[in-house]
Structure formats: C-alpha cells, structure tokens
Undergrad: 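Take a look at this one; I'll ask things after.
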Amino acid sequence: MDREKKNIFELTNCSVEEYREKEKLPVGVLLDNVRSMYNVGSVFRTSDAFLISEVILCGITGTPPHAEISKTALGAEESVRWHYEKDAVEAVRKMKEDGWKICVLEQAHSSIRLQNFQPLKDERYLLVAGNEVEGVSQEIVDLADIILEIDQYGVKHSLNVSVSVGIALWQLTKSSLITSKR
C-alpha cells in the first residue's frame, strides 16, 4: 500500500469556475444568527466539499468579504453560492413555500437522531443551524419539517456549530440522496 501523502496538485479537484458549473446537491444551509466569522468560514469550506447548492446567511451572521471568514473558508466563499437575508424566519418561510424540506439541527423533544434520518431523492433539504449560545430560534424550530439531533455522550451538551453542520452534511451526503449526483 502506498502511504505517501498526496500533493496539492493531486488534491485539486477543479477550478472555481469548474466548481460553479458542477451540478449541486439538493441541500442548502441556512445560518441563523451565527456570531463567529470562523464558524461561517468553516461552513463555507464544508459546503464546498460536499457540493451544497447554497448557503444563506441570516441576521447577525457575518458575510464575505471578511478576513476571519476567508481564513477558515480558504476561498470557498468564492466557490459556494451564498446570499444574505436579514430575517431568518422569513427566509425559512420562503424556502418552505418553494418546496424545501426544513431540517433544523437542534435538541428538541421531537427530534430524530441524525443517523436515523433517511433523506428522499426527490426532495430538497434546507439544513438550519443556529447561534452558538441560543441555537436555532424557536420560531424556526416551529416551522421545521424535521428536527435532527446529533447523539452526544460526554459532559458537554453541545457541539460547535460548524462541527455540527459538518457532521450533518456528511450524513446527508453519504445517503442515497447523493449517490446519483457524484
């Protein structure tokens, strides 16, 4: 087995222009009042890796161009389609009216364990992640079609928002939803 690490040329999949032309997955991400620009940048980078259709930045969530976003996004803020909406609740309502299934990452009494969620091929999913302290607003939780919860077994009861988004996107992309897109 060849254990030599790949070099940067072997790791480069495509240019930004080629990436923009690729068919994206029927998954979007909405950030509800995420405070940390580093978390925003990390979500961009993860969204790029998994061919996410768009990122919607809402409320106090920072937007590119910003040095802290760029530091963790490593240019993904240039490749991933994104836009800003002042009101996250209205943005979620609009996406729901447009036929998107709203999936909220939150700890709630009626949540579904992330690993038990099976997305359907014919659906579009909007993954909503919330503020580092307050989580997703209750108004958005009330609008959700699905509440997804990531199992945790330690002392702490929460994960970093960008880590949660990464875990959730990985789970969605390893499902049958994705197999036809790669």
Side-chain angles (χ1 to χ4, degrees), residues 23-36 38-63 69 72-73 76-77 79-85 87-108 110-132 134-152 158-179 181-182:
E23 185 179 0
K24 305 303 184 291
L25 301 177
V27 177
V29 174
L30 184 141
L31 298 181
D32 177 22
N33 290 310
V34 171
R35 297 176 306 165
S36 167
Y38 296 118
N39 283 333
V40 174
S42 181
V43 168
F44 270 108
R45 192 163 154 194
T46 302
S47 296
D48 173 277
F50 292 120
L51 288 173
I52 301 309
S53 64
E54 70 178 310
V55 174
I56 304 168
L57 308 171
C58 298
I60 65 168
T61 305
T63 62
I69 292 173
T72 50
E77 73 278 26
S79 58
V80 175
R81 192 172 117 216
W82 67 272
H83 71 276
Y84 174 80
E85 296 284 341
D87 188 326
V89 174
E90 287 306 312
V92 167
R93 278 195 183 114
K94 182 181 182 315
M95 295 293 281
K96 191 169 181 136
E97 288 170 6
D98 287 345
W100 290 77
K101 294 291 181 194
I102 309 304
C103 298
V104 170
L105 275 176
E106 193 55 80
Q107 297 164 323
S110 63
S111 65
I112 298 169
R113 295 171 70 197
L114 177 63
Q115 67 268 29
N116 293 338
F117 176 61
Q118 287 298 317
L120 303 173
K121 283 186 180 182
D122 297 334
E123 297 287 352
R124 295 180 296 166
Y125 295 95
L126 180 66
L127 183 68
V128 180
N131 178 276
E132 293 89 343
E134 303 294 323
V136 176
S137 74
Q138 185 62 51
E139 203 171 350
I140 292 174
V141 171
D142 293 340
L143 290 170
D145 296 298
I146 303 147
I147 302 170
L148 300 172
E149 186 169 347
I150 299 169
D151 286 349
Q152 298 170 56
S158 67
L159 293 165
N160 175 282
V161 64
S162 67
V163 170
S164 295
V165 169
I167 292 168
L169 290 178
W170 182 81
Q171 180 68 23
L172 289 172
T173 61
K174 76 180 195 79
S175 73
S176 59
L177 170 72
I178 302 321
T179 55
K181 300 289 182 180
R182 299 253 169 158

Undergrad: Not counting sequence neighbours, which residues clear side chain to side chain donor-acceptor pair (under 3.5 Å) with D32? List them please.
TA: none

Undergrad: List the residues meeting salt bridge (charged side-chain N to carboxylate O under 4.0 Å, His left out) with R81, not counting sequence neighbours, and say none if there are none.
TA: E54

Undergrad: Which residues pass the side chain to side chain donor-acceptor pair (under 3.5 Å) test with S111, not counting sequence neighbours?
TA: E149

Undergrad: Taking side chain to side chain donor-acceptor pair (under 3.5 Å) as the cut-off, I'd like each qualifying pair that reaches into residues 44-53, sequence neighbours left out, listed once.
TA: D48-S79

Undergrad: Tell me every residue that passes side-chain contact (heavy atoms from CB on, under 4.5 Å) with T63, counting only those two or more places apart in sequence or in another chain.
TA: L57, W82, Y84

Undergrad: Only counting residues at least two apart or in another chain, list the ones meeting side chain to side chain donor-acceptor pair (under 3.5 Å) with E85.
TA: H83

Undergrad: Sequence neighbours excluded, which residues qualify as salt bridge (charged side-chain N to carboxylate O under 4.0 Å, His left out) partners of D142?
TA: none

Undergrad: Kindly write out the residues that satisfy side chain to side chain donor-acceptor pair (under 3.5 Å) with Q107, not counting sequence neighbours, or none if the list is empty.
TA: none

Undergrad: So, using salt bridge (charged side-chain N to carboxylate O under 4.0 Å, His left out) as the criterion, who are the partners of E139 when residues are at least two apart?
TA: R93

Undergrad: Which residues satisfy the side-chain contact (heavy atoms from CB on, under 4.5 Å) test with K96, sequence neighbours excluded?
TA: I102, D145

Undergrad: So L127 and L105, do their side chains get closer than 4.5 Å, heavy atoms only?
TA: yes

Undergrad: Any heavy-atom pair between the side chains of I52 and K24 that's under 4.5 Å?
TA: no

Undergrad: Under 3.5 Å, side chain of E123 to main-chain N/O of K101, donor-acceptor pair present?
TA: no

Undergrad: Go through the structure and list residues passing side-chain contact (heavy atoms from CB on, under 4.5 Å) with I146, not counting sequence neighbours.
TA: C103, I112, F117, Y125, L148

Undergrad: Main chain of G135, side chain of E106: is a donor-acceptor contact present, judged purely on distance under 3.5 Å?
TA: no

Undergrad: Which residue pairs satisfy the salt bridge (Lys or Arg N to Asp or Glu O under 4.0 Å) criterion with at least one member in residues 158-170, sequence neighbours excluded?
TA: none

Undergrad: Nearest 0.5 Å please: distance from the NZ atom of K174 over to the CZ atom of F50.
TA: 11.5 Å

Undergrad: Scan side-chain atoms only and decide if N33 and E134 contain a donor-acceptor pair under the 3.5 Å cut-off.
TA: no

Undergrad: Please report the interatomic distance CG(D151) to CG(N116), rounded to the nearest 0.5 Å.
TA: 8.0 Å

Undergrad: Let me confirm one number: the CD1-CD1 distance from I150 to I167, rounded to the nearest 0.5 Å.
TA: 4.5 Å

Undergrad: Check whether any side-chain heavy atom of N131 lies under 4.5 Å from a side-chain heavy atom of I60, and answer yes or no.
TA: yes

Undergrad: Indicate yes or no for a side-chain donor-acceptor contact from Q152 to the backbone of S158 under 3.5 Å, with no hydrogens or angles considered.
TA: yes

